[in-house]
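Notes to accompany the following structure.
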Amino acid sequence: MKLKQILTEQGITYKQLAKVLEIDKPHVCRLANGKCLPTVEQARRMCEFLGCKLLDIYSANELLYKMPL
């Protein structure tokens, strides 16, 4: 999971990402720490805002492992 790294490299704060995703800052913290995954809409917005693909942020294994069955 590279969300923290990408945010740091781009100079984006958790607060800024929270505003884009329309969620609170603690939720962004949980996303950045790998405690939860974004919804499909949040993932779309995040990738658009950061200018990257979802697999630039999460590995395929992380996405598969954490998805509910």
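All residue numbers in this chain count up from 1 along the given sequence.
- Taking both residues in full, the closest heavy atoms of Ile6 and Ile57 are given as CD1-CG1, 3.7 Å, listed atom of the first, atom of the second, then distance.
- For the atom pair CG of Leu21 and CD of Gln16, the computed distance is 12.0 Å after rounding to the nearest 0.5 Å.
- Between the side chain of Glu62 and the backbone N or O of Ser59 there is at least one donor-acceptor pair closer than 3.5 Å.
- Here the shortest heavy-atom pairing between Cys36 and His27 reads SG-NE2, 3.9 Å.
- A distance-only check finds no donor-acceptor pair linking the side chain of Asn33 to the backbone of Arg30 [under 3.5 Å].
- With Gln10 contributing its side chain and Leu7 its backbone, the two residues share no donor-acceptor pair below 3.5 Å.
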Hey, mind stepping through Tyr58 and Lys53 against side chain to side chain contact (heavy atoms under 4.5 Å, CB included) and telling me if it holds?
CA-CA 9 Å; Tyr58 299 98; Lys53 297 178 184 174; over 6 Å; no

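- Here the shortest heavy-atom pairing between Leu31 and Pro38 reads CD2-N, 3.3 Å.
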Quick one, Leu17 with Leu3, criterion side chain to side chain contact (heavy atoms under 4.5 Å, CB included). Give me CA distance, side-chain angles, the key distance, then yes/no.
CA-CA 11 Å; Leu17 185 58; Leu3 183 56; 4.3 Å; yes

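- Taking both residues in full, the closest heavy atoms of Tyr14 and Ala32 are given as OH-CB, 3.3 Å, listed atom of the first, atom of the second, then distance.
- Using a 4.0 Å cut-off between charged nitrogen and carboxylate oxygen, Glu48 and Arg45 do not count as a salt-bridge pair.
- Note that the CG atom of Leu63 and the CG atom of Leu37 stand 6.0 Å from one another [nearest 0.5 Å].
- Note that CD of Glu22 is 8.5 Å distant from CD of Glu41, once rounded to the nearest 0.5 Å.
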Could you walk me through whether Cys52 and Met46 pass the side chain to side chain contact (heavy atoms under 4.5 Å, CB included) test, one step at a time?
CA-CA 8 Å; Cys52 66; Met46 184 174 9; over 6 Å; no

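- How far CD of Glu9 is from CG of Leu50: 10.5 Å, rounded to the nearest 0.5 Å.
- Between the side chain of Gln42 and the backbone N or O of Thr39, at least one donor-acceptor pair lies under 3.5 Å.
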